[in-house]
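Accompanying notes for the structure given below.
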There are 2 protein chains.
Amino acid sequence: MAGNHQKNESSKEQTERPKRADAQKNLVALLQAAKEVFAETGVDAPMRDIARRAGVGVGTIYRNFPQRADLIAAVFRQEVDACADTAEEFAQHYAPAEAVDRWMQRYVDFLVAKRGLASALHSDDAAFKPLPAYFDARLEPALQGLLNAATEAGELRGDVTAYDLLRAVAGLCTPSGHGDVAQARRLVSLLIDGLRYRSE
Amino acid sequence: MAGNHQKNESSKEQTERPKRADAQKNLVALLQAAKEVFAETGVDAPMRDIARRAGVGVGTIYRNFPQRADLIAAVFRQEVDACADTAEEFAQHYAPAEAVDRWMQRYVDFLVAKRGLASALHSDDAAFKPLPAYFDARLEPALQGLLNAATEAGELRGDVTAYDLLRAVAGLCTPSGHGDVAQARRLVSLLIDGLRYRSE
DNA sequence: CATATATACGGAACCTTGTTCCACTTATCA
DNA sequence: TGATAAGTGGAACAAGGTTCCGTATATATG
């Protein structure tokens, strides 16, 4: 009778196996705390610090994320999601071209914040392998939607793909490395501006 | 025989007292042990393991290398030296073109072995900053000497520089990443073979 | 509501590793 | 052959990772 079904789902649905409400709340608090601590202290921050900030015990971390890399990967995914979701929000609140502009700046913020994780991501830990694919799968459609809207509204040229833009901006942000966000912002602004139709 | 470039620090030989013989011996044993342990366990291996293998106490490590990065850098330099010194040896034992061929294979071995250190090298630790320059300064002249000899002997084309070759082969080895040495070797062989004058 | 039980929790305890420190040893010199 | 300063080993301490289990509680059931 002790059928211990380890039906662990970490992707999107909790329909199969109702998770205890408090456990779910702790998981959310944990990811939020980890995100903050990683941003402040780096991904090597002590587990205890993360646990304390989330108001849980270290055991709770290890139950949800057996390896540190699992926690890092989860935080990364969460931030990718947050960035992608912003696209929809901007689409509803701004004119198409401005939505693109704002989203690209948001994307720059993401890239700069992610730089701390970059070296960790380049390790060969198995938990990190699917992350680049996830990155593309979430961000590319998000931006492509904004681009399509702006193109159909006649506000932007239509001859550049979301994929190319993502790569280009990532390239602009990564190598400068000096943490100079302002510099990156300026370059990206130039780039986006170049996409606009000139009203002349 | 490999030239011992670390015998005396040439820059401070008149100001500093000569180093105690046993200290020098310990330093050599330490570097050898670190090289072995890094190769077996990775650069994160416990200091105690390295100390035990070298037959010294951990204190001796910290006296010579205050930071772990210092020890890693020293091992790296030692391996660069070993690779560079091989050039002279091959030049004395083989025909010019074959010396080039053999050295390039030796260089492939070095690159593959170094892959474990690659992620560490890409950290922003100050101890690693001068390493790329050292890499070029040692390896480029070594290969250039072999190339010049082969060119003057009429065995190789003379229109490729040592620098270009080093970069090209490093590029061949790094991205494949699958640890497939045989694949890398085959590519490099093709490359070197292309440099030969066809006896036709 | 009361009770049963699987689930989840916290954090003390334990283990591994980094780093410091100093009493002791020894190479070198006069 | 001392005298002495350089060098040594490893115990001791610090800090973080990971495990384990008694306790607490959300949820299902009567």
Side-chain angles (χ1 to χ4, degrees), chain A residues 1-10 14-34 37-38 40-75 120 123 125 127, chain B residues 8-9 12-34 37-38 40-75 120 123 125 127:
Chain A
M1 195 66 108
N4 200 348
H5 293 159
Q6 194 87 356
K7 195 63 179 292
N8 194 353
E9 44 70 37
S10 58
Q14 59 271 38
T15 57
E16 293 284 356
R17 197 80 172 186
K19 197 170 187 177
R20 261 174 60 166
D22 57 341
Q24 180 63 28
K25 210 182 56 182
N26 276 333
L27 185 59
V28 170
L30 199 47
L31 284 172
Q32 175 64 21
V37 173
F38 285 165
E40 290 167 15
T41 325
V43 290
D44 291 330
M47 290 295 209
R48 283 177 238 263
D49 290 358
I50 300 170
R52 185 160 1 96
R53 160 108 49 156
V56 304
V58 285
T60 300
I61 297 188
Y62 281 94
R63 202 168 318 104
N64 287 285
F65 307 101
Q67 319 280 351
R68 166 183 289 269
D70 297 326
L71 177 56
I72 297 174
V75 169
S123 94
D125 195 303
Chain B
N8 270 327
E9 285 309 313
K12 49 185 67 169
E13 58 192 12
Q14 68 269 35
T15 55
E16 303 284 329
R17 286 177 69 156
K19 199 169 189 176
R20 264 173 58 166
D22 56 341
Q24 179 63 28
K25 210 182 54 180
N26 277 333
L27 184 59
V28 171
L30 199 46
L31 284 172
Q32 176 64 22
V37 173
F38 285 166
E40 290 168 15
T41 325
V43 291
D44 291 330
M47 290 294 209
R48 281 177 238 265
D49 289 358
I50 300 170
R52 184 161 1 96
R53 161 109 49 157
V56 304
V58 286
T60 300
I61 297 187
Y62 282 93
R63 200 169 320 103
N64 286 287
F65 307 100
Q67 319 281 350
R68 167 183 289 270
D70 297 326
L71 177 57
I72 296 175
V75 169
S123 93
D125 195 302

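All chains are named by letter (A, B, ...) in the order of the sequence lines, taking the proteins before the strands, and each is independently numbered beginning at 1. Just so we're clear, the structure is a prediction, and the values are computed from it rather than from any experiment.
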Quick one: is [X] getting a side-chain N or O under 4.0 Å of the [N] phosphate, OP1 or OP2?
{"X": "A/Arg48", "N": "D/dG17", "answer": "no"}
{"X": "A/Asn26", "N": "C/dC9", "answer": "yes"}
{"X": "A/Thr60", "N": "C/dG10", "answer": "yes"}
{"X": "A/Arg20", "N": "C/dA6", "answer": "no"}

Among the candidates [options], find the nucleotide nearest to the side-chain atoms of [X].
{"X": "A/Arg68", "options": "C/dT26, D/dG17, D/dT8", "answer": "D/dG17"}
{"X": "A/Val58", "options": "C/dA6, C/dG11, D/dA6", "answer": "C/dG11"}
{"X": "A/Tyr62", "options": "D/dT18, C/dG18, D/dA26", "answer": "D/dT18"}

* Asked: Which residue, A/Gly59 or A/Asp44, contacts DNA chain D at a nucleotide closer to its 5' end, judged by nearest heavy atom?
  ->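 The answer here is A/Asp44.
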* Between B/Ala21 and B/Gln67, which is nearer to the 5' end of DNA chain C once each is assigned its nearest nucleotide? ->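 Result: B/Gln67.
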* Enclosure of A/Gln67 CD (heavy-atom neighbours >12, cutoff 6.0 Å) ->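 No, because the 6.0 Å sphere around CD of A/Gln67 holds 12 heavy atoms or fewer from other groups.
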How close or far is atom [atom2] of [N] from atom [atom1] of [X], stated in whole angstroms?
{"X": "B/Arg63", "N": "C/dT20", "atom1": "CZ", "atom2": "P", "answer": "13 Å"}
{"X": "A/Leu71", "N": "D/dT18", "atom1": "CG", "atom2": "C1'", "answer": "15 Å"}
{"X": "A/Met47", "N": "D/dG17", "atom1": "CE", "atom2": "C1'", "answer": "7 Å"}
{"X": "A/Lys19", "N": "C/dA6", "atom1": "NZ", "atom2": "P", "answer": "19 Å"}
{"X": "A/Asn64", "N": "C/dG10", "atom1": "CG", "atom2": "C1'", "answer": "14 Å"}
{"X": "B/Lys25", "N": "D/dT8", "atom1": "NZ", "atom2": "P", "answer": "10 Å"}
{"X": "A/Asp22", "N": "D/dA26", "atom1": "CG", "atom2": "P", "answer": "6 Å"}
{"X": "B/Asp49", "N": "C/dT17", "atom1": "CG", "atom2": "P", "answer": "7 Å"}

* Please test B/Phe38 against B/Ile50 for side chain to side chain contact (heavy atoms under 4.5 Å, CB included), starting from the C-alpha separation and ending with a verdict. => CA-CA 9 Å; B/Phe38 285 166; B/Ile50 300 170; 3.8 Å; yes
* To do: Give the intermediate values and the outcome of side chain to side chain contact (heavy atoms under 4.5 Å, CB included) for residues B/Arg63 and B/Thr60.
  => CA-CA 5 Å; B/Arg63 200 169 320 103; B/Thr60 300; 4.0 Å; yes
* Is any NZ, NE, NH1 or NH2 atom of the basic residue among A/Arg52 and A/Asp49 found under 4.0 Å from an Asp or Glu carboxylate oxygen of the other? ->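 Looking at A/Arg52 and A/Asp49, the cut-off is met.
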* Could you state the interatomic distance from CG (A/Asp125) to CZ (A/Arg68), rounded to the nearest 0.5 Å? ->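 One gets 11.5 Å once the value is rounded to the nearest 0.5 Å.
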